[in-house]
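Below is one structure, written out as structure tokens; comments come after it.
The sequence lines fix the lettering, A, B, ..., with proteins before strands; numbering per chain opens at 1.
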There are 4 protein chains.
Amino acid sequence: MAGSVNRVILIGHLGRDPEVHHTQAGSRIVNMSMATSESWRNKDTGERMERTEWHRVVIFNERLTEIAEKYLRKGSKVYLEGQLATRKWTDQQKVERYTTEVVVPRFGGALVLLDRQQTGPGSPSSPDDYGTTRASGAGGAPAGRDPLDDDVPF
Amino acid sequence: MAGSVNRVILIGHLGRDPEVHHTQAGSRIVNMSMATSESWRNKDTGERMERTEWHRVVIFNERLTEIAEKYLRKGSKVYLEGQLATRKWTDQQKVERYTTEVVVPRFGGALVLLDRQQTGPGSPSSPDDYGTTRASGAGGAPAGRDPLDDDVPF
Amino acid sequence: MAGSVNRVILIGHLGRDPEVHHTQAGSRIVNMSMATSESWRNKDTGERMERTEWHRVVIFNERLTEIAEKYLRKGSKVYLEGQLATRKWTDQQKVERYTTEVVVPRFGGALVLLDRQQTGPGSPSSPDDYGTTRASGAGGAPAGRDPLDDDVPF
Amino acid sequence: MAGSVNRVILIGHLGRDPEVHHTQAGSRIVNMSMATSESWRNKDTGERMERTEWHRVVIFNERLTEIAEKYLRKGSKVYLEGQLATRKWTDQQKVERYTTEVVVPRFGGALVLLDRQQTGPGSPSSPDDYGTTRASGAGGAPAGRDPLDDDVPF
DNA sequence: TTTT
DNA sequence: TTTT
């Protein structure tokens with residue numbers, strides 16, 4: 001179809017550590033579970049209500065998989081740009097199922113860290129390395145779309 | 001959770017006429033099936049590939065349900081702003097299932113007609129009426145967010 | 001024109017405290033200066049480059065002006081949704097000038113606090129008040145679009 | 001600054017043909033003037049009001065400059081993703097001036113044709129060529145972000 | 001004028 | 001499963 005647009009923008013927290021997988025072809029794929037929630041007050045009772053939405057995120061963009069693996073952990077707060085994709089699968093009872101995911105494609109999307117995540121296992125081992133890598137990776141403009149390694153801003 | 005954002009932006013075509021439902025409380029709810037697609041060329045074979053994605057859309061915003069009912073038909077091209085919501089249901093085999101939808105909430109979201117849809121049943125009967133209604137409804141700025149009936153632009 | 005969309009999404013920091021103004025009609029208007037920046041590495045020299053962009057923000061949305069006044073300060077990190085507007089003015093030399101602003105309109109837009117801003121003059125005086133007000137205001141889903149005071153999420 | 005986002009999304013019409021420029025380094029740059037507008041009804045008089053906003057657009061993304069040059073004309077309706085950038089210049093009276101533009105950067109942004117533009121001078125000469133080129137360029141998913149020449153969708 |  |  002000509003002229004389609006499919007965009008998702010999320011700001012939320014990771015419900016658990018990102019899961020890193022590797023394809024046979026050698027590329028890294030990251031799966032994450034991300035929560036957004038909205039709260040409101042019940043008009044009648046005045047009670048505070050909250051609804052949490054869980055999003056399955058799959059990152060194909062190589063640079064962003066690297067950033068996700070290095071810097072994201074359970075609880076991390078992130079800004080994410082991706083697109084909707086629903087895939088079909090068959091469960092153990094041979095029933096067809098559908099799962100909708102927010103996909104960050106190989107060429108596109110964005111991922112921005114919105115907090116200072118405490119370093120943990122798998123985090124950069126030295127402050128210097130950490131700082132440098134962050135600066136050129138997650139710490140700049142939205143990774144994956146911007147000319148971080150170029151010499152012009154646009 | 002504080003500081004969440006959950007946004008979806010789609011431009012695509014309706015796969016069928018919108019379905020209009022009414023709640024017991026009297027509000028109108030519109031369900032739509034919307035397709036987006038992307039195309040690319042296979043590097044090796046040079047073959048043109050295409051992948052179509054289908055989105056379940058649910059509109060709660062009253063003004064936008066009205067516009068959808070009046071002006072949208074199978075094939076209509078629209079711009080839509082909503083949010084992701086996954087709901088759980090139980091199928092006839094008592095198996096828990098999940099369906100993800102793009103929800104246009106009661107207060108928020110947007111819907112913009114991107115084509116001049118052929119008039120059909122339920123459409124305005126005269127060109128003049130059609131033009132006027134479109135102008136004050138779907139044909140202006142994104143309905144549902146903008147002060148179409150106010151006297152200031154912002 | 002039928003079918004327009006005009007959206008701006010920013011995540012950045014305030015360069016100074018928000019300025020609060022009041023119209024003759026009694027509504028509050030907030031002006032803010034917001035910085036976004038992107039960084040990249042010069043390919044030849046390996047030098048780290050950075051470009052900061054300054055955005056003039058004007059908030060008309062009543063609830064968001066209240067949140068901005070109460071919780072935002074110089075240095076605050078925020079997510080903001082608005083629209084572009086360029087206004088014409090005449091300087092002291094009678095020369096016509098144009099200024100482009102990011103406007104958060106009366107009915108629409110969004111503002112989300114992304115940090116815990118240190119409380120300062122004008123901030124809520126007690127933790128309890130602070131927490132409660134935040135929870136029902138800036139601390140929920142994007143303020144200004146969501147049914148924070150309703151009893152249904154959508 | 002770490003963690004910035006600067007995004008603009010527009011749907012509107014071109015006020016005139018795109019202007020194509022070439023840098024000394026040989027890259028193509030396209031300048032466009034794009035209108036969005038919103039309409040509303042004056043509460044008191046019932047009068048229909050309309051406000052048109054003009055946006056200066058500058059495209060650096062090579063593929064998108066090519067599409068803009070080939071397919072866009074005065075009146076074309078487009079979906080555009082870019083970022084805000086304000087540049088300083090000095091007028092003939094030596095007065096410093098600022099102009100804000102919507103920039104589609106070299107690596108990023110998107111441009112989608114939303115109408116079938118009448119072919120004109122500079123357009124593809126045959127329907128076949130036109131169709132094919134459109135299909136692989138502007139007519140697919142948002143150009144500039146998607147793997148149009150790859151063999152996987154994500 | 002922010003921030004890292 | 002996150003967060004406030």
Quick one, C:Ser39 with C:Arg48, criterion side-chain hydrogen bond (donor to acceptor under 3.5 Å, both in side chains). Give me CA distance, side-chain angles, the key distance, then yes/no. CA-CA 7 Å; C:Ser39 63; C:Arg48 171 134 301 282; 3.1 Å; yes

Expressed in angstrom and rounded to an integer, what is the separation of [X] atom [atom1] from [N] atom [atom2]?
X: A:Glu38; N: F:dT3; atom1: CD; atom2: C1'; result: 14 Å
X: A:Lys77; N: F:dT4; atom1: NZ; atom2: P; result: 8 Å
X: C:Leu10; N: E:dT2; atom1: CG; atom2: C1'; result: 13 Å
X: C:His13; N: E:dT3; atom1: NE2; atom2: C1'; result: 5 Å
X: C:Asp115; N: E:dT2; atom1: CG; atom2: C1'; result: 11 Å
X: C:Arg73; N: E:dT1; atom1: CZ; atom2: C1'; result: 16 Å
X: C:Leu113; N: E:dT3; atom1: CG; atom2: C1'; result: 16 Å
X: C:Arg56; N: E:dT1; atom1: CZ; atom2: P; result: 14 Å

Give a yes/no verdict on base stacking between E:dT2 and C:Trp54: centres under 5.5 Å, planes within less than 30° of parallel.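 No.
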
Could a donor-acceptor pair under 3.5 angstrom be found where the side chain of A:Thr52 meets the base of F:dT2?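 Result: at least one qualifying N/O pair found.
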
Is the closest basic N to carboxylate O distance between A:Arg87 and A:Glu101 below 4.0 Å?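 Judged by the 4.0 Å cut-off on N to carboxylate O distance, A:Arg87 and A:Glu101 do form a salt bridge.
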
NE2 on A:His55 to OG1 on B:Thr86, rounded to 0.5 Å: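 Rounded to the nearest 0.5 Å, the OG1-NE2 separation comes to 7.5 Å.
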
Indicate whether OP1 or OP2 belonging to E:dT2 is found under 4.0 Å from a side-chain N or O atom of C:Lys74.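 The answer is yes; a side-chain N or O of C:Lys74 sits under 4.0 Å from OP1 or OP2.
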
Apply the test side-chain contact (heavy atoms from CB on, under 4.5 Å) to residues A:Arg106 and A:Phe60: give CA-CA distance (whole Å), side-chain angles for both, the deciding distance (0.1 Å), then the verdict. CA-CA 5 Å; A:Arg106 202 164 299 280; A:Phe60 291 93; 3.7 Å; yes

